[in-house]
Amino acid sequence: MGVYGDAKKQNTFDAIVIGSGISGGWAAKELCDHGLKTLVLERGKDVRHIKDYPTATKDPWEFKHRLEVPSTIRKENPILDRCYAFSEATAHFFVKDNEHPYIQEKPFDWIRGYQVGGKSLLWARATQRWSRFDFEGPARDGYAVDWPIRYEDLAPWYSHVEKFAGISGNRDGLETLPDSEVLPPFDFNCTEKHIQQKINNRYKERHVIMGRCAHLSKPNEIHLQQNRGQCQARNKCDRGCPFGGYFSSNASTLPWAMKTGNLTLRPDSVVHSVIYDEQQGKATGVRVIDAHTKQMSEYFARIIFVNAACLNSNLILLNSTSHRFPNGLGNDNGLLGKYIAFHNYRGTIYASMDGFEDSYYFGRRPTMPMMPNFRNVYKQETDFLRGYMIHYSTSRGASWQGAAWKDGIGADWKNSLTGLGGWGVFMMMQGETIPKEKNHVRLDTDKKDAWGIPLLVTSVDYDDNDEKVLKDFHEQGAEMLANAGCSNIRTNDSQQAPGLDIHEMGGVRMGLDPKTSLLNKWNQLHHCKNVFVTDGACMTSTSTQNPSLTFMAITARAANHAVGELKKANL
Ligand SMILES: Cc1cc2nc3c(=O)[nH]c(=O)nc-3n(C[C@H](O)[C@H](O)[C@H](O)COP(=O)(O)OP(=O)(O)OC[C@H]3O[C@@H](n4cnc5c(N)ncnc54)[C@H](O)[C@@H]3O)c2cc1C
């Protein structure tokens, strides 16, 4: 239903941001900081920092099922049940399978968090910059399309978001993983250090460093201004942190934007589509369905940031049809929804480490040692494209884990339960996948969700390159652990479906040529310049690094460009 007169005025803002997760939070902060009256539309419920973290300080015995999700709920949610972070403590932040169905043409585990803050409440906070090799990769190796930006374009924006979000780590001086603006790092334990030294000594081009993560190991003034405090290394992060010790939209960007007086946050507002005005040749607003009453309304603005997370941003744009754009907003070349890529997480390795039984560690560190990609960095050197980064960690088992199942009675048996087991080693890969046209999402032509919006069809799969990357990780990882003195080395292929990595990217990719891409170098739709897409949907390729820090930097850069263009009356 159309909105006119005073009602239209009331529903009119300078900017609209769709989604309040990691990227939407950043768009809101930057636009509000520049004085733009900004409306953030979020389909999920409100989640206020601290107040709405019901499990944040609970101990395991305070949960009815000691953190286990009851089997009935697991059975009802087979997709979600495969996500490692789904527990009795976090269930309320995850989308349940049957509430928001989608159609898997090929297996795809779509993990979502529909609420104010999105998945920023749930994420694991690993935050590495991408390197020049990542942005040059597609052009050099001849896949996807060339990125319209290079590392240098993003470097100042990485600094900008890092200082505000707070990133813990070292300045490692690596070309393959550029330094961040860092707060003090977390420490290796003795066996992790041992493995690090063995690998660094033996392999010239392989570098083990402490993982960088979005935690306030030592808050700066800018973090105190956000009312955030030091990370307590409790590692209960995905329940929401009452200290604001890790970066989330709820603890950081949204309250900051709210303080400017320029933010209007509207939860329970499902964006249906972007409104395109044929006469003006631009987008004028969005159609919104109330999550509860299901009533449709319209909101208007001069610029629109689409930040609903990769696949939902694709869905909204595909659903934004008009006479000018019958196949979705900006979709003249038919590539909207195509070239979806993700991270290959299938490979893990387990091992034991003898010795060091006189040592232990303190606290629950929220990050792990890591090794940036060392494959095909300077030139093509294997029979597969690109490569993988590695995370590993070590920990000591507890003797009760085995003893509790053994027969026994009395003091000796009880004492045996409190002892420590040996050191175990865990290693995992994060492989780059190659964006391909056939890996796509589209709208189903019949089926609709409870809000009358077409269901998304996912058609995304692995390819031979992914199998080769996995094999190489298993060989190289096992070799490195053997050289570091590990024993009982076991490789594992989880065979998990794409999507469970929760790093989906693409579908609205950036590029130089409107014939082969949807967005320009400032994340504007080539054919509808006042619509910006700055979440995972915009990514031309996936790198081997975690993506969210790059979403933040790209969003801040695009938002500042948008403000400049508005001032010049170009939009
Ligand atoms: C368990 C877990 C671990 C992770 N670990 C890491 C990590 O270590 N490092 C890393 O870089 N990334 C990690 N990620 C991924 C990271 O969370 C995402 O990359 C990031 O949150 C994406 O930001 P976003 O703004 O695109 O989407 P989100 O944070 O998901 O926010 C999108 C928002 O849009 C809303 N929305 C969707 N559709 C609509 C609509 N139609 N109308 C209105 N609102 C809508 C959603 O409700 C949501 O609030 C992890 C994710 C999970 C779940």
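When a ligand or atom number is given, it counts from 1 through the structure's own listing order. For the single chain, residues carry numbers from 1 onward in sequence order.
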### Summary
One finds that the ligand 1 atoms under 4.0 Å from a non-hydrogen atom of Tyr114 are 46 (C), 47 (O)

### Query
Any heavy atom of Ser313 sitting closer than 4.0 Å to ligand 1?
no

### Member of Asn560, Leu36, Val161 meeting the side chain to side chain contact (heavy atoms under 4.5 Å, CB included) criterion with Glu30
Asn560

### Query
Looking only at protein heavy atoms, which one is nearest to atom 41 (N) of ligand 1, and how far off is it?
Val271 O, 3.1 Å

### Query
What atoms in ligand 1 come closer than 4.0 Å to a heavy atom of Gly113?
46 (C), 47 (O), 48 (C), 49 (O)

### Message
Could you check whether Asp172 pairs with Arg212 (Lys NZ or Arg NE/NH1/NH2 to Asp/Glu carboxylate O, under 4.0 Å)?
### Response
yes

### Message
Can you confirm if the NZ or CZ of Arg132 lies within 45° of the ring axis of Tyr151 and under 6.0 Å from the centre of its six-membered ring?
### Response
no

### Message
Looking only at protein heavy atoms, which one is nearest to atom 7 (C) of ligand 1, and what is the separation?
### Response
Asn546 ND2, 3.4 Å

### Query
Is it true that Lys37 and Asp14 have a side-chain N and a carboxylate O under 4.0 angstrom from each other?
no

#### Entry: Side-chain donor-acceptor contact under 3.5 Å, Ser273 with Arg287
yes

### Query
Looking at atom 31 (O) of ligand 1, what's its closest protein heavy atom, distance included?
Gly21 CA, 3.2 Å

### Query
If you measure every N/O of Glu42 against every N/O of ligand 1, is any gap under 3.5 Å?
yes

### Message
Quick check: Ser23 and ligand 1, any N/O pair under 3.5 Å apart?
### Response
yes

### Message
Please find the pair of heavy atoms, one from Phe108 and one from Tyr102, that lie closest to each other, and give the distance.
### Response
O-OH, 2.6 Å

### Task
Please write down residue, atom name and distance for the protein heavy atom closest to atom 51 (C) of ligand 1.
Ile502 CG2, 3.7 Å

### Summary
One finds that the ligand 1 atoms under 4.0 Å from a non-hydrogen atom of Ala85 are 1 (C)

### Query
Which is closest to atom 17 (O) of ligand 1 by heavy-atom distance: Trp123, Phe551, Phe94?
Trp123

### Message
Salt bridge or not between Arg365 and Glu192? Use side-chain N to carboxylate O under 4.0 Å.
### Response
yes

### Task
Among all protein heavy atoms, pick out the one at the shortest distance from atom 37 (C) of ligand 1; state its residue, atom name and that distance to 0.1 Å.
Ala308 O, 3.3 Å

### Message
Taking Asp33 first and then Lys29, would you say they form a salt bridge - that is, a charged N and a carboxylate O separated by under 4.0 Å?
### Response
yes

### Query
What do you reckon, are the aromatic ring centroids of His223 and Phe164 less than 6.0 Å apart?
no

### Message
Testing the basics here: between Met429 and Val469, what is the closest heavy-atom pair and its distance to 0.1 Å?
### Response
CE-CG1, 3.7 Å

### Task
Check each of His503, His343, Lys119 against atom 30 (O) of ligand 1 and report the one with the nearest heavy atom.
Lys119

### Query
atom 9 (N) of ligand 1: which of Ala126, Gly25, Ala291 has the nearest heavy atom?
Ala126

### Message
More than 12 heavy atoms of other residues, nucleotides or ligands under 6.0 Å from NZ of Lys448: yes or no?
### Response
no

### Query
Counting heavy atoms only, which part of His272 comes closer than 4.0 Å to ligand 1: side chain, backbone, both or neither?
neither

### Message
Using a 6.0 Å distance limit plus a 45 degree cone around the ring axis, check whether Arg43 lies over the aromatic ring of Trp451.
### Response
yes

#### Entry: Backbone or side-chain N or O of Arg43 under 3.5 Å from ligand 1 N or O
yes

### Query
Closest non-hydrogen protein atom to atom 5 (N) of ligand 1, residue and atom name please, with distance?
Ala124 N, 2.8 Å

### Query
Are Asn98 and Glu76 linked by a side-chain donor-acceptor pair shorter than 3.5 Å?
no

### Task
Any atoms of ligand 1 less than 4.0 Å from a non-hydrogen atom of Gly19? List them with their elements.
33 (C), 34 (O), 35 (C)

### Message
If you measure every N or O of Ile22 against every N or O of ligand 1, does any of those distances drop under 3.5 Å?
### Response
yes

### Message
With heavy-atom distances below 4.0 Å as the criterion, list the atoms of ligand 1 near Asn307.
### Response
32 (C), 34 (O)

### Query
What protein heavy atom is closest to atom 19 (O) of ligand 1, reported as residue, atom name and distance in Å?
Ser548 OG, 2.8 Å

#### Entry: ligand 1 contact on Leu41 by region, counting heavy-atom pairs under 4.0 Å
backbone

### Task
Taking all heavy atoms of Trp130 and all of Pro547, pick out the closest pair and write down the distance.
NE1-CA, 4.1 Å

### atom 27 (O) of ligand 1: nearest protein contact (heavy atom, Å)
Ala309 CB, 3.2 Å

### Query
Which ligand 1 atoms, with their elements, are less than 4.0 angstrom from a heavy-atom of Ser269?
42 (N), 43 (C)

## Note on the structure
Near Asp535 (heavy-atom distance under 4.0 Å), the atoms of ligand 1 are 26 (O)

### Query
Would you call Asp46 and Arg48 a salt bridge, taking side-chain N to carboxylate O under 4.0 Å as the test?
yes

